[in-house]
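Below is one structure; the comments refer to it alone.
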Amino acid sequence: MTVRTRFAPSPTGYLHIGGARTALFSWLYARKHGGSFVLRIEDTDLERSTAESVNVILEGMSWLGLNYDEGPFFQTHRFDRYAEVVEQLLAEGKAYKCYCSKDELEVMRAEQMARKEKPRYDGRCRQRDLPSGEEAPYVIRFRNPEEGEVVVDDLVRGRVVFANKELDDLIIARSDGSPTYNFTVVVDDFDMGITHVIRGDDHLNNTPRQMNILRALGAEPPRYAHVPMILGEDGQKLSKRHGAASVTDYRDQGFLPEALLNYLVRLGWSHGDQEIFSREEMFQLFDIADINNSASALNMSKAFWLNQHYIKTLPPARVAEELSYHLGKLDVDPTTGPDLVEVVIAYQERAKSLAEMAQGSLFFYREFEQYDEKAAKKNLTAAIATPLRALRDQLATVEWSDGAIHQAVEAVAAAHELNLGKLAQPLRVAVTGAGVSPPIDVTVRLIGRERTLARIDRALAYIG
RNA sequence: GCUCCCAUCGUCUAGAGGCCUAGGACGUCGCCCUCUCACGGCGAAAACCGGGGUUCGAAUCCCCGUGGGAGCGCCA
């Protein structure tokens, strides 16, 4: 049997980080087994679904490199099919029309709660089939078995048993005729031949109902794998409040997709003590059996550590591709300064995010407004004016290479009986405006001769 | 309230009855390297939720408790 997995987000917002991980697991599982990964957009909630959300999800998936083999399928395009299945269930007596009003249901639930019972539909319309020609509005409910139990043999949870009497007759079609989630999922998973449903923990309780519907349709349910949820850094449920909740946020914070994927795959899944996983290794090593049972909290510092790892180890040209996005956000025209690959090489060991890298390399592309106050006060002193002037003269004629620049700084420092640092740091402040940058020779070289000389002049003027 | 799920360092996790004096990673704290910031190297502190069983032996199995979470919608 060929493995077929799916990712089925609802387009009501952004691509959630938890959703992204579920997608990753599903994608990995399909890829590992040479199967297919299907993308399905669950947009049956006409009220909340938007086209923008669909785009955000699609963009996020493509940024992460989670390529799907089929889809995106839209549930709103399949309403005829759902209606057909509803009719079938109705005809077979496996579903029935329910004329209860929302008010009536509310009262019923309130009474049940008062009796400390689980609020559930009591099936009062099971026997209330009105003769045809009725005009009262109705919904369609699935006739859930009243006896017995449903066993979910979950790939990560193990055997979970639900008593049918705990389940009620859920609505499969609204009064306007539109199908509901628990129903469309079932029809789609069935029609699309999904063999493994990998999804969030929060769906575990829905699973027995879905299995019952599936069986009513004469289908054998797929295998299920319910993965634990992802919590915010504070251990609380993830929300916009605490930190990045959407894939877009991570991108904007300067993450490389390689890093985010690696971070995500290790959240709730492990392969011994290994921390770093290339895509190929993920395909090879991923196994549902190694997924954890408990929820995991986000740890941004670890995510940044991984990000830094990839910034350091990926080909600089690859990092440069992503860097240009961040430079663009800062209104930098990359043609006004050094090659991005050079910038990446200079910064790959000193940036834990691309946003930071872009921010830190601004002085390569445009003049800085003013000196960092502390750095200028400490380094741009009257005493340094003479050596700095001498250095300027050297840099005006020296060969423009790291080695030659370094030698010039060293020579001038020695001539004035200064440690290298005593001259390098003032130079750094002069050419970058601040006390932090890549090695001084590299920094100067990338800034370029013309800009360097002008900035030293500016510093000399500042010293006065 | 009812049903279901979960529980190892601050965090991510290893651990499938003896290999555990509980391992790794991030972070934290020292020290080294050093032109700044980093990178890197070395080292340290830091956990089996509690109670009962089962067993010669339990982080690992069972039960109870406690604590967290999810579901109980004409949302997905």
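Protein chains get the first letters and strands the later ones, always in sequence-line order, with residue 1 at the start of each.
- Across B/U11 and B/U55, the matching C1' atoms stand 35 Å from one another, rounded to whole Å.
- The side chain of A/L204 sits closest to B/C5 out of B/C5, B/A70, B/C12.
- Taking the ring centre of A/Y121 as origin, the terminal cationic atom of A/R141 falls inside the region bounded by 6.0 Å and 45° from the ring axis.
- Under 4.0 angstrom from either OP1 or OP2 of B/C4 there lies no side-chain N or O belonging to A/R159.
- Here A/F25 pairs with A/F286 under the ring pair (Phe, Tyr, Trp, His ring centres under 6.0 Å) rule; sequence neighbours left out.
- In this structure, A/D168 reaches neither bases nor backbone, as no heavy-atom distance under 4.0 Å exists between it and the strands shown.
- More than 90° away from 0 lies the glycosidic angle of B/C19, which makes this nucleotide anti.
- If you check B/G69, B/C72, B/U3 against the side chain of A/R209, the one that comes closest is B/C72.
- Atoms CD (A/E166) and P (B/A70) sit 19 Å apart, rounded to a whole Å.
- At the heavy-atom level, A/V160 lies under 4.0 Å from the strands shown only through sugar-phosphate atoms.
- In this structure, B/G40 and B/C32 make a Watson-Crick or G-U wobble pair, each of the two defining distances being under 3.5 angstrom.
- Between the CD1 atom of A/I276 and the CD atom of A/E258 there is a distance of 12.0 Å, given to the nearest 0.5 Å.
- Rounded to whole Å, the separation between the P atoms of B/C32 and B/A47 comes to 28 Å.
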For A/R428 and A/Q425, run side-chain hydrogen bond (donor to acceptor under 3.5 Å, both in side chains): C-alpha distance rounded to whole Å, both residues' side-chain angles, the deciding distance at 0.1 Å, then the answer. CA-CA 5 Å; A/R428 172 171 285 116; A/Q425 198 55 13; 2.7 Å; yes
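- In this entry the distance linking CZ of A/R6 with C1' of B/A76 reads 11 Å, nearest Å.
- The aromatic rings of A/H16 and A/Y14 lie parallel to each other, with less than 30° between the two planes, well short of the 60° mark.
- For the pair A/K116 and A/T180, both in contact range of RNA chain B, the more 5′-proximal nearest nucleotide belongs to A/K116.
- By the 30° and 60° cut-offs, the orientation of the rings of A/H309 relative to A/W305 is tilted.
- Under the Watson-Crick or G-U wobble criterion, with both distances below 3.5 Å, B/A59 is left unpaired in every strand shown.
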If a protein heavy atom is under 4.0 Å from the base, mark B; if only from the sugar-phosphate, S; if neither, -; do that for nucleotides 13-23 of chain B going 5' to 3'. SS--------B
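- In this structure, A/F363 has its ring center at least 6.0 angstrom away from the ring center of A/F368.
- Residue-level contact check: A/T44 touches the backbone only, with heavy atoms under 4.0 Å from sugar-phosphate atoms and none from bases.
- Across the protein-nucleic acid pair, A/D202 atom CG and B/C4 atom C1' stand 13 Å apart, rounded to whole Å.
- The aromatic rings of A/H226 and A/Y224 lie parallel to each other, their planes meeting at an angle below 30°, with 60° marking the opposite boundary.
- The nucleotide B/A47 finds no pairing partner, because no Watson-Crick or G-U wobble arrangement with both distances shorter than 3.5 Å includes it.
- Nucleotides B/C39 and B/G30 are separated by 15 Å at their P atoms, to the nearest Å.
- For the P atom pair drawn from B/A45 and B/G53, the interatomic distance equals 34 Å after rounding to whole Å.
- As rounded to whole Å, 16 Å separates atom C1' of B/G1 from atom CD of A/E111.
- Between A/R109 and B/G73, a side-chain N or O to OP1/OP2 separation shorter than 4.0 Å is present.
- When the P atom is compared between B/A22 and B/U28, the two are found 25 Å apart, to the nearest whole Å.
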Mark up nucleotides 30-49 of chain B, 5' to 3', with B wherever a protein heavy atom is under 4.0 angstrom from a base atom, S wherever such an atom reaches only the sugar-phosphate, and - elsewhere. -----BBBBSS---------
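- Here B/G73 presents its P atom at 13 Å from CG of A/D169, a figure rounded to the nearest Å.
- Salt-bridge check for A/D189 with A/R40: passed, with a basic side-chain N closer than 4.0 Å to an acidic carboxylate O.
- Base pairing of B/A7 is made with B/U66, judged by Watson-Crick or G-U wobble geometry with both donor-acceptor distances under 3.5 Å.
- Rounded to the nearest Å, the gap between the C1' atom of B/U34 and that of B/C49 is 46 Å.
- Set against B/A76, B/C74, B/G69, the side chain of A/Q236 has B/G69 as its closest nucleotide.
- Cation-pi geometry between A/R209 and A/F162 is not met at under 6.0 angstrom from the ring centre and within 45 degrees of the axis.
- Taking atom CD1 of residue A/I230 and atom C1' of nucleotide B/C6, one finds them 16 Å apart after rounding to whole Å.
- Residue-to-nucleotide contacts include a donor-acceptor pair under 3.5 Å from the side chain of A/N205 to the base of B/A70.
- One interatomic measurement links the two molecules: CD of A/Q75 to P of B/A76, which rounds to 9 Å at whole-angstrom precision.
- A/E275 is not listed as a side-chain neighbour of A/L306, based on a closest heavy-atom distance of 4.5 Å or more.
- Remark: the A/K102 side chain and the B/C74 base include no donor-acceptor N/O pair separated by less than 3.5 Å.
- For A/Y68 and A/F7, the ring centers sit 6.0 Å or farther from each other.
- Residue A/F162 is classed as a sugar-phosphate contact, given heavy-atom separations below 4.0 Å to backbone atoms only.
- Across all strands shown, B/C2 pairs with B/G71; the Watson-Crick or G-U wobble distances both stay below 3.5 Å.
- Nucleic acid contact for A/H226: none, since no nucleic acid atom lies under 4.0 Å from a heavy atom of the residue.
- Between A/S301 and A/L46, the residue anchored closer to the 5' end of RNA chain B is A/S301, taking for each the nucleotide with the nearest heavy atom.
- For the P atom pair drawn from B/G50 and B/A58, the interatomic distance equals 15 Å after rounding to whole Å.
- Nucleotide B/C4 holds its P atom 13 Å from the CG atom of A/N164, rounded to whole Å.
- A/E275 comes within contact range of at least one nucleobase, with a heavy-atom separation under 4.0 Å.
- Residues A/L354 and A/F255 are not in side-chain contact: their nearest non-hydrogen atoms beyond the backbone lie 4.5 Å or more apart.
- For the C1' atom pair drawn from B/C72 and B/U13, the interatomic distance equals 33 Å after rounding to whole Å.
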